[in-house]
Amino acid sequence: MSFSNVILTGFMGSGKSSIGRVLAKELNSYFIDTDNLIENFENKTIKEIFETEGEEAFREKERYCFNWIKKNVQNTVISVGGGFPVFVPEIKQAGVVIYLKVPFEEILKRMDNKEIEKRPLFKDKQKAKELYLKRDKIYENLADFIIENKNLNATVEKIKEILNGN
Ligand code: S3P
C-alpha cells in the first residue's frame, strides 16, 4: 500500500507517540506529534492552553495544525491528540489512519500521575471513561485499520505489515 503519512489515533495514553517514534525510525521517516506541534507554535503547554484559552480555542489550533500538516507534511508518521479525529474528521485526507485501541482499564494502569497531570480531560476518571466510550466508535469509524495495542514492538510490526500490504 502506498501512503503519504501514517496517522496514529487513539485515546489519551494509548501509546500513540511511543509507537510513532519507533515506527518512524523503522520506516526511515520522520515523526511528529500534533500536541508538540501546537505547543511549539504557541510556546505554551497543552495544559496552559486549556487553562488560559479554553478547550474551544485548543480545537481551533488543532484545525490550524491539520491544515498546516496537509499542506506541508508527507512520508511522516503523525500521532494526533485524542480529540483530534473527533474535531477534525477530515484527518483521513492527510494519510492512512490507524486506531491504536487499548481498553480503558489498561490505559488507567499505564498512566502515572505525571501523565494525568498533563491532560486536562483525564483529571476526572469517571468523565474520562465516559469520553472513552463515546470516542471509541468514532475512532473505529474513522480508521482505515484498527490495532489492539497490547505491546509496542508487536504493534509496530503489525503497522509495518499493513503498510506493506500483507
Ligand atoms: C486530548 C488529548 C491530548 C491533548 C489534549 C486533549 C483529548 O492528547 O490533545 O489534552 O481531547 O483527548 P493525547 O491523546 O496525546 O494525550
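Quick caveat: nothing in here was measured; it's all calculated off a predicted structure. The residues of the chain are indexed from 1 along the displayed sequence. Counting starts at 1 for both ligands and their atoms, in listed order.
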* Going by the angle between their ring planes, with limits at 30° and 60°, are Phe58 and Phe50 parallel, tilted or perpendicular? ->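 Ring orientation, 0 to 90° scale: tilted.
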* Asked: Is the Phe11 ring parallel, tilted or perpendicular to the Phe122 ring (thresholds 30°, 60°)?
  ->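 Plane angle between 30° and 60°, so tilted.
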Any nitrogen or oxygen of [X], side chain or backbone, less than 3.5 Å from one on ligand 1?
X      : value
Lys118 : no
Leu121 : no
Phe11  : no

* Could you walk me through whether Glu55 and Phe87 pass the side chain to side chain contact (heavy atoms under 4.5 Å, CB included) check? -> CA-CA 11 Å; Glu55 179 172 353; Phe87 291 89; 3.9 Å; yes
* **Approximate separation, where rounding is to 0.5 Å, of Lys44 NZ and Glu51 CD** => 10.5 Å
Give the numbers and elements of all ligand 1 atoms closer than 4.0 Å to a heavy atom of [X].
X      : answer
Pro120 : 10 (O)
Lys16  : 13 (P), 14 (O), 15 (O)
Gly81  : 8 (O), 9 (O), 14 (O)

I need the contact type for [X] against ligand 1. Using non-hydrogen atoms and a strict under-4.0 Å cut-off, is it side chain, backbone, both or neither?
X      : value
Arg59  : side chain
Phe58  : side chain
Arg135 : side chain

Could you tell me the residue and atom name of the protein heavy atom closest to [atom], and the distance to it rounded to 0.1 Å?
atom                    : answer
atom 5 (C) of ligand 1  : Ile46 CG2, 3.8 Å
atom 15 (O) of ligand 1 : Asp35 OD2, 3.2 Å
atom 16 (O) of ligand 1 : Arg119 NE, 2.5 Å

* Structure fact -> Residues Ala94 and Phe66: closest non-hydrogen pair is CB-CE1, 4.0 Å
* Going by distance alone, is a donor N or O of one side chain under 3.5 Å from an acceptor N or O of the other, for Ser79 and Asp33? -> yes
* Salt-bridge criterion met for Asp144 and Lys92 (N-O under 4.0 Å) -> yes
* Glu62/Arg59 salt bridge by N-O under 4.0 Å criterion ->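 Salt bridge flag = yes for Glu62 with Arg59.
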